[in-house]
Protein chains: 2
Amino acid sequence: MELDERKRKILQAIIRNYLETGEPVGSRTISKYTDLNLSSATIRNEMADLEELGYILQPHTSAGRIPSDKGYRLYVDTMLQEKEEQLSQATQEVKEMQQILLEKEDKMEAILKQMAKVLAVNTNYATLVSAPQVKGNKLKFIQLSRVDVRQLLTTIVVEGNVIKNTMIQVAEPLDDETLLKLNILLNTNLNGLPIEEINLAMIARLKHQAGIYNDIIAEVMDAVAAVIKEDEDIEIYTSGTNNIFKYPELSDHQRASELITTFEEKQLLTELVQDTLTEENSTGIQVYIGNETPVKTMKDCSVVTATYELEEGMKGTIGIIGPRRMDYDKVISTLKTLKSQLDTLYKKEDTQ
Amino acid sequence: MELDERKRKILQAIIRNYLETGEPVGSRTISKYTDLNLSSATIRNEMADLEELGYILQPHTSAGRIPSDKGYRLYVDTMLQEKEEQLSQATQEVKEMQQILLEKEDKMEAILKQMAKVLAVNTNYATLVSAPQVKGNKLKFIQLSRVDVRQLLTTIVVEGNVIKNTMIQVAEPLDDETLLKLNILLNTNLNGLPIEEINLAMIARLKHQAGIYNDIIAEVMDAVAAVIKEDEDIEIYTSGTNNIFKYPELSDHQRASELITTFEEKQLLTELVQDTLTEENSTGIQVYIGNETPVKTMKDCSVVTATYELEEGMKGTIGIIGPRRMDYDKVISTLKTLKSQLDTLYKKEDTQ
DNA sequence: TGTTAGCACTCCACAACATCGAGTGCTAAT
DNA sequence: ATTAGCACTCGATGTTGTGGAGTGCTAACA
């Protein structure tokens, strides 16, 4: 059996209708909904075929049909309609984002949180934003300052202006000259190095050069190591988790509790983010339908993600999590627009 | 009508039983549960009295009784049993906390998150931890560093070792000498000042002294202002929100959705934290029962909070949010122990 | 006078049952 | 190939009835 044009149209109609209502859709509905001018009986025959082909399924014998994962997949891959109006509608949220990014000060964290929130409010789905990873970035600046007689402050700036601080308690006071020497030593040796390359061998060499300042160097290196390590567990911000209650198919106790937990324990989401970052395709947009998602607790959800790249190597993820019957059109076009805005942001800034 | 000893005992028995089961408790149950050796009929009479006095109520005519807010209040105020075993049991979690605090490095944020989590896992309630506020604290260290030709890094350390950074873009490069001068100017003028006192008048004076470096001073002051402002909105960490699903009385759609939203939009919790911090009583522990809580969405919950003080003026809050029928005994003793641990932490550290 | 046994009554929870209607598959006619 | 018609299925919804837990009240008792 073939999936001819008419079957495709009917499938499309079924999915569209189901996305709107969330109810199984029957043959009579389709018979009127489409401009195919076919009777419900004909539709019924076609539907039986579509079911056999695996694109739709029946919750029970005398109910209408709902799309299967395979059906959604086909829809997402080949049937999305990029209407103009849709696009302009999508930019609604994107405009708000731009506003946020313009006022961006330097509080990356606050911006990302805000982004997640605006997206959630506008889409009525749960959202997720991962902070850009500094993977492969270079150390730009390192400094020791004396804050107190026995307290030193390590300040480390990585490319992309990620700033980290650590306090170090020293056993015996350092004089200004020593401090200056240490700073020069650190900067000449470490500046410009990708943070991943600052490893044990490097530390050993520095310790050697440091001579009597062994202990302090060791502590500073620990701080640097902490920075590197810290960036390994990705920061993820979520918003709109309560939106799941808007979709009955997700909000029974069992599922709701699992999902809420997943959103709270953000490390459960890293798998998703990682997957997105690695499996990047040409558009930078990925759609996970139902069981396709890497996170098992989301098997009844669909997830649409976009990978953005602020600067060379600074990649992050934006994700939207909702029910299978998600408004893919809107979500995808929103993410596409947002992604392109973010992608060009750095360049713009650079040339301004 | 008086609340005599027997009535108290019956009330206590009703509450205890209800805390365990969550079901309305009937006269027959109490008749056997207590060692009063009274028949169910007698209990019934007493229960009618207790209801008239407002300590208990009936969900419907032929159901048992459940405690009213007034009943819970009396229980919490006068009937808590601080068994020894209870206390030692409570310290279970506290020990984990101590562990966490010992490994504390300097990542306040991580510690607080972890604290919230451990508490949530152990108690089966939702938890909240607010970061200590720096209110009234003094500026300890301020420094400008050149990171790049046109980028300056402002590092500000406040007492209690809260560190803030801001990047400043400057129009034209500064030479080393100027930078040094600026640093001296900033430190001599600002060090030791309570951050609240760094206001417009101060800025004006500095601008005057700064002469041609007007612009940079202005920017630095903005950064300082940002630090102050930032500490106004309290940081709150929550955990175990999914625990609400363990209590049927909280987990219908309506309530669950509201609660989840409240926990996600943490600013909705600031009111609670503020209230706790201001209305501090002798024990430092506060119990809000049902409608007593400042947050309306929690009218079906009870909240127990503790105020801890790391250093002079650095106060924070720990809270446990659960159903009205919360295990007050356990929660309160856990929080008491934890609070005292935190309160003494700073002193210990200082003298070690 | 306080306590208790007994009893009629109330009301919810739960199960059994009936009903309705949307939707189907199939057949036969067009 | 399409469609009208029909018997059938099955969940959703509503009705009814029964059981049991619990009450309040009364009368008897210590």
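Lettering follows sequence order; numbering is per chain, from 1. Bear in mind that the values here come from a model prediction, so they are computed numbers and not experimental data.
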### Query
Side chain of A:Ala41: nearest nucleotide among D:dA4, D:dT23, C:dC12?
D:dA4

#### Entry: Spacing between A:Asn37 atom CG and D:dA4 atom P, to the nearest angstrom
12 Å

### Query
DNA chain C: B:Leu38 or A:Met47, which has the more 5' nearest nucleotide?
B:Leu38

#### Entry: N or O in side chain of A:Ser27 less than 4.0 angstrom from C:dT24 OP1/OP2
yes

## Note on the structure
Here the distance between atom C1' of C:dG25 and atom CD of A:Glu52, to the nearest Å, is 13 Å

### Task
Please check if atom CD in B:Glu5 has more than 12 non-hydrogen atoms from other residues, nucleotides or ligands closer than 6.0 Å.
yes

### Task
Determine the sole option in A:Tyr72, A:Tyr288, A:Tyr328 for which the side-chain hydrogen bond (donor to acceptor under 3.5 Å, both in side chains) test with A:Ser302 is passed.
A:Tyr328

### Query
Between C:dA5 atom C1' and B:Asn45 atom CG, what is the distance in whole Å?
12 Å

### Message
Of the listed nucleotides (C:dT24, D:dG24, C:dA22), which one gets closest to any side-chain atom of A:Ser62?
### Response
C:dA22

### Nearest to side-chain heavy atoms of A:Thr42, which nucleotide of D:dT2, D:dT23, D:dC10
D:dT2

### Task
Please tell me which of the listed nucleotides, D:dT3, D:dG24, C:dT4, lies nearest to the side chain of B:Ser39?
C:dT4

### Message
Distance check needed: D:dC25 P versus B:Asp49 CG, whole Å only.
### Response
12 Å

#### Entry: Whole-Å distance separating the CD1 atom of B:Ile56 from the P atom of D:dG24
9 Å

### Task
Indicate yes or no: does B:Lys296 engage B:Glu258 in a salt bridge with an N to O separation below 4.0 Å.
no

### Whole-Å gap separating P (D:dG24) and CZ (B:Arg28)
17 Å

### Query
In terms of side-chain geometry, is the basic nitrogen of A:Glu292 or A:Arg73 positioned less than 4.0 Å from the acidic oxygen of its partner?
yes

### Task
Rounded to the nearest angstrom, tell me the gap between atom CD1 in A:Ile43 and atom P in D:dG5.
18 Å

### Task
Take atom CD of B:Gln58 and atom C1' of C:dC12, then tell me their distance rounded to the nearest Å.
13 Å

### Task
Verify whether the ring centers belonging to A:Tyr75 and A:Tyr55 lie closer than 6.0 Å.
no

### B:Arg6 vs A:Pro24, nearer the 5' end of DNA chain C by closest nucleotide
B:Arg6

### Message
It should be established whether A:Arg65 places a side-chain nitrogen or oxygen under 4.0 Å from OP1 or OP2 of nucleotide C:dT24.
### Response
yes

### Query
Out of C:dT4, D:dG5, D:dT2, which nucleotide sits closest to the side chain of A:Arg44?
D:dG5

